[in-house]
Amino acid sequence: MSLTGAFWISSTAMAAQGQALGAIGDNIANLNTGGYRRRDVNFSELLGHSDKFQAKSSGAKAGVTKRVETSGAYQVSDRGLNAAMNGRAMFVVSKDTGGADQYYTRFGAFEAKQDSTGTLRLATQNDYYLMGWPVADDGTVSTALQTIALPGRTQPLDAIESTSATVNDNLPALSSVGDQVTRSFSVYDAAGTLHNVDLVFENTGVNSWQVTASSTSGTIALATSPMPLTFDSSSGAITGTSSVALTGTWSNSESATIDVAFDGMTQWGEASAPRAVEVDGAPAGYVSSYYFDSDGFLNVAYSNGQVRPIYQIPGAVFRNASGLTEATGDVFKASQTSGAAALVDPQASELGKFLANTLELSNVDLAREMTNLIQTQRAYSTAATAFRTVDEMTTVVRDLT
């Protein structure tokens, strides 16, 4: 090896170790950056010309690999719009609202933001819009991926008409014929207006009662009126027919059709005991919050107590995640090396489980980086010493001539 070759080899060594120091510095600087992927440096030998027997070494070079597929630490969060993927999966995001230009990220700190048209969407802090599978009103999930549009806080959820009620009261077994027990509960019509229904239970004999219905806010009645009720003398449980339709018209001209069930009623020796009446229906409501659940659904909670899932969040997995191309904002782009993304259902796939109220931090291990820093520093210093030694040898040769 010539002195010129020695200069070259030691200089490539310093360049490679300098590149490694840069990667380590990047890792340490982003120790607490959510979604940051660790850079690992791999060294390889540079080969020069070869003679008849062997190749001649021409130094070293460094290659940087992003460890996209390696999970970081997970941190529990109290924000409903924070989420993480446990495993190989990543979130799909897009820079445009149409979703044509897709990117991928591990950091799930999302915020409700308005796009340029005023539509409220879920986005990262760098304005990449989260994408998901839309959920229909009947709960059916469509796998047509799209950017998530949120209902606005001034956009009401229509009222839900009451169609069923279950009465679970106890009637006193020691009542005399003609004794009455009155029970009231509230229902909603199709317009969301609240109405009271009064039920009157009247003792008609041993283990026998009858019930009638009325309301001060409309003309309603039981389809069978009075409706007979019978009870088992030993258990006190209701026997025979135990449900009936409540029909009529409310004072605001809305119709009423409610199935009233008495399945949970009893006749025991204690006094009349009102219990909670189970009634469906709800008034109109407004958005109170958005949040993810553990099945990967984005839910909207309304002021009337209703909760509606509107999107399911799939995970994107790659054949070679380390081959993804890095872009600004802790996001990555698919490349020929990474392969195309495959979307997985976080409920059904082991490749990526959805973690609600959780954030994934960087996958940098500080202890590992400090160890690498010491080793790299020593390697750089040694290469520099070799370079200086060759320089001194060159000086000696120069002075001999």
Side-chain angles (χ1 to χ4, degrees), residues 1-73 88 105-107 318-333 335-339 360-401:
M1 179 190 302
S2 66
L3 288 179
T4 303
F7 267 128
W8 169 255
I9 290 175
S10 55
S11 64
T12 61
M14 286 190 291
Q17 297 301 331
Q19 191 172 354
L21 283 171
I24 294 170
D26 251 351
N27 291 341
I28 295 175
N30 289 280
L31 178 65
N32 295 316
T33 301
Y36 176 81
R37 302 294 90 187
R38 185 183 79 238
R39 275 76 166 154
D40 282 350
V41 179
N42 302 304
F43 296 95
S44 59
E45 182 184 17
L46 282 173
L47 295 179
H49 68 279
S50 59
D51 58 20
K52 185 176 180 179
F53 301 101
Q54 62 181 357
K56 301 296 184 181
S57 175
S58 294
K61 68 174 182 178
V64 178
T65 302
K66 298 178 294 294
R67 295 304 180 191
V68 180
E69 77 285 355
T70 305
S71 298
R88 292 171 50 193
T105 182
R106 297 280 297 189
F107 193 49
F318 294 88
R319 182 179 67 250
N320 176 25
S322 293
L324 290 167
T325 302
E326 191 171 13
T328 302
D330 295 316
V331 298
F332 298 85
K333 187 84 172 172
S335 68
Q336 187 173 1
T337 306
S338 69
E360 182 181 357
L361 305 179
S362 74
N363 58 357
V364 175
D365 182 346
L366 184 57
R368 169 195 172 105
E369 298 304 321
M370 295 305 296
T371 300
N372 291 341
L373 178 62
I374 294 171
Q375 292 176 339
T376 304
Q377 181 185 20
R378 288 177 177 173
Y380 186 93
S381 178
T382 302
T385 299
F387 189 93
R388 185 172 59 251
T389 300
V390 175
D391 180 59
E392 291 172 355
M393 293 170 65
T394 305
T395 302
V396 171
V397 171
R398 182 201 64 192
D399 293 342
L400 289 176
T401 59

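Bear in mind the structure is a predicted one, so any value in this text is a computation, not a measurement.
Legend: salt bridge (Lys or Arg N to Asp or Glu O under 4.0 Å) pairs involving residues 380-395, not counting sequence neighbours: none detected. Evaluation of the ring-ring contact (aromatic ring centres under 6.0 Å, His included) test over residues 13-41, restricted to residues two or more places apart or in two chains, returns none. Identified under the salt bridge (Lys or Arg N to Asp or Glu O under 4.0 Å) test for residues 26-38, with sequence neighbours left out: Arg37-Glu360, Arg38-Asp40.
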Extract all donor-acceptor atom pairs below 3.5 Å that involve side chains of residues 378-387 and protein atoms in other chains or at least two apart in sequence.
unit_1: Thr382; atom_1: OG1; unit_2: Arg378; atom_2: O; d: 2.8
unit_1: Thr385; atom_1: OG1; unit_2: Ser381; atom_2: O; d: 2.9

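To the nearest 0.5 Å, atoms CG (Leu366) and CE (Met370) are separated by 6.5 Å. Once rounded to the nearest 0.5 Å, the distance linking CZ of Phe332 with OG1 of Thr105 reads 7.5 Å.
Under the 3.5 Å distance criterion, the side-chain polar atoms of Asn372 are left unmatched by any main-chain donor or acceptor of Ile24. Listed for the Ser322 side chain is a donor-acceptor partner under 3.5 Å among the backbone atoms of Lys66.
Applying the 6.0 Å contact sphere to CD of Gln377 captures no more than 12 heavy atoms from other residues, nucleotides or ligands.
Across every non-hydrogen atom of Thr12 and Ala60, the tightest pair is OG1-N, 3.3 Å. Looking at every heavy atom in both residues, Glu369 comes nearest to Asn27 through OE1-ND2, 3.2 Å. Contact detail for Ala20 and Phe43: the closest heavy-atom pair is CB-CZ, 3.7 Å. Taking all atoms of both residues into account, the shortest heavy-atom contact from Asn363 to Ser71 is CB-O, 3.6 Å. Nearest heavy-atom pair, Ala23 versus Val41, reported as atom, atom and distance to 0.1 Å: CB-CG2, 3.5 Å.
Contact check for Ser338 versus Lys333: no side-chain heavy atoms found under the 4.5 Å cut-off.
Every residue was checked against the ring-ring contact (aromatic ring centres under 6.0 Å, His included) condition with Phe107, not counting sequence neighbours, and none meets it. Remark: Leu21 engages Leu373, Thr376 in a side chain to side chain contact (heavy atoms under 4.5 Å, CB included) (not counting sequence neighbours).
Of the options Asn30, Thr33, Ile28, Leu31, a side-chain contact (heavy atoms from CB on, under 4.5 Å) to Val364 is made by Leu31 and by none of the others.
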Dump the intermediate steps for side chain to side chain contact (heavy atoms under 4.5 Å, CB included) on Asn320 and Thr337, then the final yes or no. CA-CA 7 Å; Asn320 176 25; Thr337 306; 3.4 Å; yes
